[in-house]
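Note sheet for the following structure.
Atoms within a ligand are numbered from 1 in the order they appear, just like the ligands themselves. Here the structure is a predicted model, which means the values were calculated and not measured.
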Amino acid sequence: MRYYEYFNTLLPQLIGEKEGSVAPDITPSAAFAYHTSEEAEAIFAGESDKPIYARIGNPTSGKLETVLAKMEGAEGAVATASGMAAIAMVLTALCEKRDKVLCAGGFFSGTYAMIQETMPRFGIEGHFCNIDDFEEMEKLLQEGVKIVLCESVGNPNLKLPDIRRIALLCDRYNALFVVDNTLTPLIVQPLKMGADIVVYSTTKIICGHSAALGGAVIFRRVKESNEKLLDPKFSAIHSLLEKGPKAMMTVFKKRSMRDFGMSANAFASFLTLLGMETLALRTRRINENVKRVAKLLHHEGLKVRHPSLSGHEHHLRYEALFPDGCGPILTLDLETERKAFAFLDASKLLTLTANVGDNRTLGLHMASTIYRDFDEDTRLRLGVTDGLVRISIGLESPIAIAEDLIAAAGILKQT
Ligand SMILES: *Cc1c(COP(=O)(O)O)cnc(C)c1O
């Protein structure tokens, strides 16, 4: 059975009880009362699963965490306020002053800015390398990089990583490998390919309805032998690892969530759970749509970039390692900002927004919006050319989407 079908069958069964409310319960409480003082003590000591206080966890978010961990074949998950909160949680829970973090590949603008600008203010060094520059990766790992971060598909550069190969390198040098799987839930399962931690912006395709901001950190079990977290690099968390296989939950909550408070709220988690019930169906439809639309636009002579097209530098990797697709995005190069604006304004179907992975097809000119604060060199390094438009394909008919985009590009030719 394909994982889609497995997940379709599994997921509705995981949500709600077989009796009573069928939709997930929302517990909109910030505080939780304890039965006795002894119970309070046990809860704070981690000997009871009952909630402490909503900054540390909420039952509705707890349900979402169970479903996300199940989806990823993981030991556990922590739901966060946003995708950026999830990345911030990983870095603040695991890094000390002077630690090195390596970002491999092109990056979502928020992640790039966090590693390039914000984390260095707290003494954490950011490094960057091309997704296929294994030599540079190995050199930096030898120099003591603690965390390697990559995206399962570059947003918006659409480069694809060789996750297994990077995971092996990280294992060799006892570095943690974190994959941002925001664009490819279900179709890429990084933990099964050797990654240690998966982060999501659930705001995108997991929620799907542009209704809730959210994120998650999903982690593997702590192993009884050959555990790379026992390397001296990670000595700051060694005492917490004694908590056993689920110890990463304690690491994230005690070393980050408790003090920074990037917690998910119950209502957002409820909306995200509703989205997850149809995630497999939507993911499948969207990934089939992207491929169809990319082909139709390419056929019309548009400068479309997607790994399913044979001209893309990672086409072979796409065929070999991404059999179910690589997420909702394709990009169009319209050469200049003026042409990109005219194209976007001529489309009747696109919703112009900074989101991706929605049920609707979305579009945005990159250089003038999300990447406007970056200088030209950085933009080009991230794959953002002057005329670049990012399209996030939705659930509509692929023919209707392609016809609309081709018509918008046709209007361009006449002007
Ligand atoms: C949107 C996005 C994020 C950030 O998520 P938010 O929920 O907006 O904070 C991180 N990584 C990727 C790949 C994204 O697309």
Side-chain angles (χ1 to χ4, degrees), residues 61 64 68 77-92 101 103-119 126 128 131 147-161 163 178-188 190 195 197-218 256-257 260-265 267-269 271-272 275-276 283 286 290 322 325-331 353-358 362-364 366 369-371 373 382-384 388 390-394:
S61 303
L64 174 62
L68 286 167
V78 183
T80 57
S82 68
M84 287 320 299
I87 298 169
M89 191 165 80
V90 170
L91 297 176
T92 53
V101 176
C103 287
F107 266 91
F108 172 71
S109 62
T111 314
Y112 181 82
M114 187 192 290
I115 310 276
Q116 169 74 17
E117 281 175 40
T118 305
M119 285 299 152
F128 295 87
I131 197 68
I147 293 180
V148 175
L149 182 62
C150 86
E151 291 177 352
S152 59
V153 47
N155 170 13
N157 76 10
L158 291 170
K159 289 190 184 176
L160 302 176
I163 292 177
V178 182
V179 178
D180 181 337
N181 206 35
T182 296
L183 295 177
T184 51
L186 298 177
I187 51 177
V188 176
I197 294 169
V198 173
V199 291
Y200 278 109
S201 165
T202 59
T203 316
K204 313 292 167 58
I205 193 165
I206 287 185
C207 180
H209 303 71
S210 292
L213 190 73
V217 174
I218 305 175
S256 184
M257 191 103 121
F260 292 101
M262 61 280 268
S263 337
N265 77 75
F267 189 55
S269 296
L271 292 170
T272 307
M276 287 203 76
T283 301
I286 285 174
V290 181
F322 294 77
C326 63
I329 292 179
L330 59 81
T331 59
T353 175
N355 198 11
V356 292
D358 191 85
L362 317 174
L364 195 66
M366 292 284 97
T369 59
I370 297 176
Y371 292 88
D373 290 341
L382 297 173
V384 179
L388 191 79
R390 181 181 72 189
I391 311 277
S392 174
I393 299 291

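Atom 3 (C) of ligand 1 has as its closest protein heavy atom Phe108 CE2, 3.3 Å. Taking atom 6 (P) of ligand 1 as the reference point, the nearest protein heavy-atom neighbour is Gly83 N, 3.3 Å.
On a distance-only criterion, Asp180 and ligand 1 share at least one N/O pair closer than 3.5 Å. Annotation: Val356 places no N or O atom under 3.5 Å from an N or O atom of ligand 1; distance criterion only.
Val199 pairs in a side-chain contact (heavy atoms from CB on, under 4.5 Å) with only one of the listed residues (Val179, Asn181, Thr182, Val217), which is Val217.
Close approach to Gly214 involves these atoms of ligand 1, each under 4.0 Å from a residue heavy atom: 7 (O). Of all atoms in ligand 1, numbered sequentially from 1 with element shown, those under 4.0 Å from a heavy atom of Thr203 are 7 (O). Those atoms of ligand 1 with a heavy atom of Ser82 less than 4.0 angstrom away are 7 (O), 9 (O). Within ligand 1, the atoms closer than 4.0 Å to a non-hydrogen atom of Ser201 are 1 (C), 2 (C), 3 (C), 4 (C), 5 (O), 6 (P), 7 (O), numbered from 1 in the order shown.
Under the 3.5 Å distance criterion, with hydrogens and angles disregarded, a donor-acceptor pair is assigned to the side chains of Ser256 and Thr92.
With atom 1 (C) of ligand 1 as the reference point, the heavy atom nearest to it among Met84, Met262, Lys204 is part of Lys204.
Looking at heavy atoms from C-beta onward, Leu160 lies in side-chain contact with Cys326 at the 4.5 angstrom threshold. Contact of the Thr353 side chain with the Asp358 side chain is not registered, since no non-hydrogen atoms from C-beta on lie closer than 4.5 Å. Considering only heavy atoms from C-beta on, Thr283 comes within 4.5 Å of Ile205 through its side chain.
Of the inter-residue distances, the one linking Cys150 atom SG with Lys159 atom NZ reads 13.0 Å to the nearest 0.5 angstrom. Here Phe108 contributes atom CZ and Tyr371 contributes atom OH; the two are 7.0 Å apart, rounded to the nearest 0.5 Å.
Heavy-atom distances between Asn155 and ligand 1 reach below 4.0 Å in at least one pair.
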